[in-house]
2 protein chains.
Amino acid sequence: MSTTVEKLLDQAESEIRERGYHAVSFRDLAASLGIKSASVHYYFRQKEDLGIALVKRYGEQFFNILEEKAEELDNPLQAVIDVYRNALTSSDRICLCGMLGAEGCGIPKTLSDEVAAFFQANIDWIAETLPKTISAAERKRQAEHCIATLQGAMMLATSLNDHKVFDRAAKSLLK
Amino acid sequence: MSTTVEKLLDQAESEIRERGYHAVSFRDLAASLGIKSASVHYYFRQKEDLGIALVKRYGEQFFNILEEKAEELDNPLQAVIDVYRNALTSSDRICLCGMLGAEGCGIPKTLSDEVAAFFQANIDWIAETLPKTISAAERKRQAEHCIATLQGAMMLATSLNDHKVFDRAAKSLLK
DNA sequence: GTCTATAACTCGATAGAC
DNA sequence: GTCTATCGAGTTATAGAC
């Protein structure tokens, strides 16, 4: 059992990750839940508000799972790859922030700011876990490479309709 | 001097790469050229037709420039990076196919098929240029990693509003 | 909290004049 | 080739009943 808000967030995340922010409407969202679009506006006054709530929830869940996985594996880089991999294969969809990041200035600025913050936190997390024998600048560079590859690999794998593309592209990160 | 069709394709490519397929309308496109949306329909009966023409033109231009660059540099991998880099920095926009690839099944199937073909050709081109001392499977894997990284790096750099992110992420590919 | 009803607007697309 | 005019459907968002 989940509340209407949770079902709404789940459905919206699923649809936006599949088709993009502009291809998702309050009406379709409501119809999927068996309610009316006016009820969606009760929970989120504007579409922008829904978007921001989505990215915030996505980020929190992402880092929760990542921390858990990192402790379990004792290999931070492998943990990041695993979390990204699971995000792709469990839903056959790219990252929420990958989609919104691509849509760039086509979405409200408050939303793209939140997306950028997700990426920065992601980069910082990885840079922090890399060996301190490497310079801070080089750790940052490697972290950026890692996120770029994983985000691109999700997009490439869904476009080519083959999850193995993700695995092969990500494999280089462990070398 | 360029024809109306060319101006139309230029404007549409610019806008789709900036905001996505669904955020671009025939009306806005026409207004940018000082004509009416009915005139856009004269050149492209459906929006889908415009999209397909765009991806085909983009692919042709891309590989033309790539071949030229590869001959000039005598380093195929560096040529690919340079062409991607120029696509980003000359327009501050991601790849047309990166955007359409992200939008996935939110765009007409004929269009996403064309996008997938672009990616496959891109991968094949790189795999072909890698040293034959490497196995075919490994060449393919490295090519997929390369495209994933470059596509993701474009998205990341525009989201973080810093082209240097692209350069740093891409640097790993030459190591 | 969910509804009906609707405002105000934009969208893709077409018919037909010039 | 470009236009005006328009259709039918979609969109976000709000007011007010229950």
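All values below were derived from every heavy atom in this structure, side-chain atoms included, with hydrogens, water molecules and symmetry-related copies excluded. Order of the sequence lines fixes the chain letters, A, B, ..., with proteins taken first and strands second; residue numbering starts at 1 for each chain.
You'll find that the side chain of B:Ser39 is closest to D:dT2, out of D:dT2, C:dA15, D:dT11. You'll find that the side chain of A:Asp28 is closest to D:dT11, out of C:dT2, D:dT11, C:dA15. The side chain of B:Arg27 approaches C:dG12 more closely than any other nucleotide in the set D:dA15, C:dG12, D:dA13. Checking D:dA5, D:dT12, C:dG12 against every side-chain atom of A:Phe26, the shortest atom distance belongs to D:dT12. Nearest nucleotide to the A:His41 side chain, out of D:dA13, C:dA15, D:dA15: D:dA13.
Ion pairing between a basic and an acidic side chain is recognised when a charged N comes within 4.0 Å of a carboxylate O; A:Lys171 and A:Asp167 show no such pairing. At a threshold of 4.0 Å, the pair A:Arg57-A:Glu60 does not count as salt-bridged, since none of the basic side-chain nitrogens sits closer than that to a carboxylate oxygen. A salt bridge between A:Arg139 and A:Glu128 is absent, with no side-chain N of the basic residue lying under 4.0 Å from a carboxylate O of the acidic one.
Look at B:Ser25 and you won't find any side-chain N or O under 4.0 angstrom from OP1 or OP2 of C:dT10. An OP1 or OP2 oxygen of D:dT14 is reached within less than 4.0 angstrom by no side-chain nitrogen or oxygen of A:Tyr42. For C:dT2, the OP1/OP2 oxygens have a side-chain nitrogen or oxygen of A:Thr4 closer than 4.0 Å.
With rounding to whole Å, A:Glu48 atom CD is found 19 Å from D:dT11 atom P. Atom CD of A:Gln46 is separated from atom C1' of D:dT14 by 12 Å (rounded to the nearest Å). Atom pair A:Leu29:CG and D:dA13:P shows a separation of 13 Å (rounding to whole Å applied). Distance A:Lys36 NZ to D:dT12 P: 15 Å, rounded to the nearest Å. Distance B:Leu8 CG to D:dG1 P: 13 Å, rounded to the nearest Å. Across the protein-nucleic acid pair, B:His22 atom NE2 and C:dT10 atom P stand 18 Å apart, rounded to whole Å. Rounding to whole angstrom units, CZ of residue B:Arg45 and P of C:dA13 are separated by 8 Å. Whole-Å rounding puts the A:Arg19 CZ to D:dG10 P distance at 14 Å.
Contacts of A:Val40 with the nucleic acid, taken as non-hydrogen atoms under 4.0 Å apart, are absent.
Annotation: B:Glu6, atom CD; neighbour count of heavy atoms from other residues, nucleotides and ligands within 6.0 Å is above 12.
In this structure, A:Phe44 has its ring center no closer than 6.0 Å to that of A:Phe26.
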